[in-house]
Amino acid sequence: MTIQRPRGTRDFLPEDSFKRGAVRKRMQDLLERWGYLEISTPTFEHLELFTIKSGQSITEEIYAFKDKGGRDLALRPELTAPVMRMYVNELQMAPKPLRLHYFGNCFRYERPQRGRFREFWQLGAELIGSDRPDAEAEVIALAQKLIKSAGVNGDLHLGYLGLIRTMMRMIPASERPAVMKFIDKKERALLAEKLQEIGADHLGLLELIDLKGRRALDRAMEMAEDLSKISEEPSKDAKTESLEAAPSGDSDSGDRAARSDRAAPFDLDLVRFQELVDLLDCYGVKATVDFEIVRGLDYYTGTVFEIYATGLGAQNQICGGGTYQLAGLLGGQKTRSTGFGIGFDRIMEIVALEEKPPSPVAVVFVPQVRSEAVKAAIELRESLPMPVALDVMGRGLGAQLKQASNIGASFAVIIGPKEVEEGKFTLRDMLTGSQESLALKEIIELLDE
RNA sequence: GCUGGGGUAGGGUAGCUGGUCAUCCUUUGGGACUGUGGAUCCCAUGACCCGGGUUCAAAUCCCGGCUCCGGCCCCA
């Protein structure tokens, strides 16, 4: 038995690697044009970085280990936390906004299935230092364009946590996890039952999460207004909490709440959300407003979004992101950022790419003139964009030509004593079989088109 | 963690109601063809996922494990 690759990992053969490289290049070109500079972070980090961000429970799904010095380390399971760690460590004083992008492998200890591996690649961008609708619109539009640039059609859903969080603060804390679970699992009947049971059915939660599309926004505005009235009524424990989360344009509002229970501050400010939706329109991005998107994590501050693709089976989410408050959690100054991560492997599963690697040129020679052939090959490699192949198997001329056609060469440069003497090589068109005698310079000119 | 279906040369397969040297195609290397390729022919290399069990005899039947492809759970 030979040694197998570890479960959930993949080998990428030349054809795969070429395709992945081409798609990656396309996406990164676009990111550069939008002014997002590439950064890289270590493959492993202190385990703590990830538990701070996502809680202790995630260690279950992390490749965590102790190094020889006894340090608790982890292979990165995602890239947002490392990027924000880097920001806090060395970029806090950089002029804002900061536009960054990254591409890297991540590791999670999970059951592999379609579109899910133990080593996978994430491509993403972060815009650090602004949470204005302008910033959010740019980032969301960018995400959508990136996916399009790979030839993939994505369905963008745009959500806003302010409303749902406000509602959640008006129900008893003990009931919140259960309610969130039902929302997440799309268990409408159970949710309705629960809300009735705890006397929270007047908040409109059920209606909110069913709101979809353009008109959802108008209705949500009305609901927000009703909510602010309710929250002004003096009543039980909901009162103090909702005050702390009071709506405000000041991005530092609610920070006390953040410190006490790790939840980021958020704004019940649908006007800004409305602005975002309008701006996205300007970008030509079609978004479905969808208040059901909750994205689990509590460091998101308001806007969240996800992009889905068809043809992927169960794992159809190819992008997720939003506006968040993470720098503070990692010990930096409180800074709001908007960003997203794209599941590169899932993109690759459905990408339609017609690009092919350039076909090589074969230098074919007989033993007596080997050194001339080597020199010719070197010169060709310096001047031509396509690969230049030289026989290393000691094969005869016929076998070399056979090999040339096997590797898909479109031309062969034939070199023998006769050619060396004349100072001209034979250029053979592998498709037609026609040949002509040319100087190396002329060959280069001809092939360099 | 739960669940369905698979694992036979590098790739694709036949055999799998147990019993001759495990089938065929392709790929790879060599040759027929010692300065001209895609054809053909010949030769060579190369496999029963691993470990137990049943049996005179296991690729074939049974059990366990590993792993792959899906579906749940989860998904930062």
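All of these numbers come straight from a predicted model, not from anything done at the bench. So that the names make sense, note that chain A is the first sequence line, chain B the second, and so on, each numbered from 1.
For the pair A/Glu78 and A/Phe107, the minimum side-chain heavy-atom distance is 4.5 Å or more.
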Counting only pairs under 3.5 Å, give me each side-chain donor-acceptor contact of residues 10-25 of chain A, with atom names and distances, residues two or more places apart or in other chains.
{"from": "A/Arg10", "atom 1": "NH1", "to": "A/Asp345", "atom 2": "OD1", "distance (Å)": "3.1"}
{"from": "A/Arg10", "atom 1": "NH2", "to": "A/Glu119", "atom 2": "O", "distance (Å)": "3.1"}
{"from": "A/Arg10", "atom 1": "NH2", "to": "A/Asp345", "atom 2": "OD1", "distance (Å)": "2.8"}
{"from": "A/Asp11", "atom 1": "OD2", "to": "A/Arg5", "atom 2": "NE", "distance (Å)": "3.0"}
{"from": "A/Asp16", "atom 1": "OD2", "to": "A/Leu13", "atom 2": "N", "distance (Å)": "3.0"}
{"from": "A/Ser17", "atom 1": "OG", "to": "A/Phe12", "atom 2": "O", "distance (Å)": "3.3"}
{"from": "A/Arg20", "atom 1": "NH1", "to": "A/Asp345", "atom 2": "OD1", "distance (Å)": "3.3"}
{"from": "A/Arg20", "atom 1": "NH2", "to": "A/Asp345", "atom 2": "OD1", "distance (Å)": "3.1"}
{"from": "A/Arg24", "atom 1": "NE", "to": "A/Gln28", "atom 2": "OE1", "distance (Å)": "3.0"}
{"from": "A/Lys25", "atom 1": "NZ", "to": "A/Asp29", "atom 2": "OD2", "distance (Å)": "3.2"}

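The pair A/Glu349-A/Arg114 counts as a salt bridge, with a side-chain nitrogen and a carboxylate oxygen less than 4.0 angstrom apart.
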Practice prompt. Report, as a single string ordered 5' to 3', how protein heavy atoms within less than 4.0 Å touch nucleotides 64-71 of chain B: B base, S sugar-phosphate only, - not at all.
Written response: ---SS-BB

Worksheet item: What does nucleotides 29-42 of chain B look like as a protein-contact string, B for base, S for sugar-phosphate only, - for none, at under 4.0 angstrom between heavy atoms?
Response: SS----BBBB----

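Pairs engaging residues 357-376 of chain A under the side-chain hydrogen bond (donor to acceptor under 3.5 Å, both in side chains) rule: A/Ser359-A/Ser410 [sequence neighbours left out].
Looking at A/Gln92, its side chain does come within 3.5 Å of a backbone N or O of A/Val88 through a donor-acceptor pair.
Counting to the nearest Å, the C1' atom of B/C72 and the CD atom of A/Glu110 are 14 Å from each other.
Aromatic ring centroids of A/Tyr308 and A/His157 lie under 6.0 Å apart.
Using atom P as the reference point in both B/G35 and B/C69, the two lie 49 Å apart (nearest Å).
Qualifying salt bridge (charged side-chain N to carboxylate O under 4.0 Å, His left out) partners for A/Asp448, counting only residues two or more places apart in sequence or in other chains: none. Residues passing the salt bridge (charged side-chain N to carboxylate O under 4.0 Å, His left out) test with A/Lys145, sequence neighbours excluded: none.
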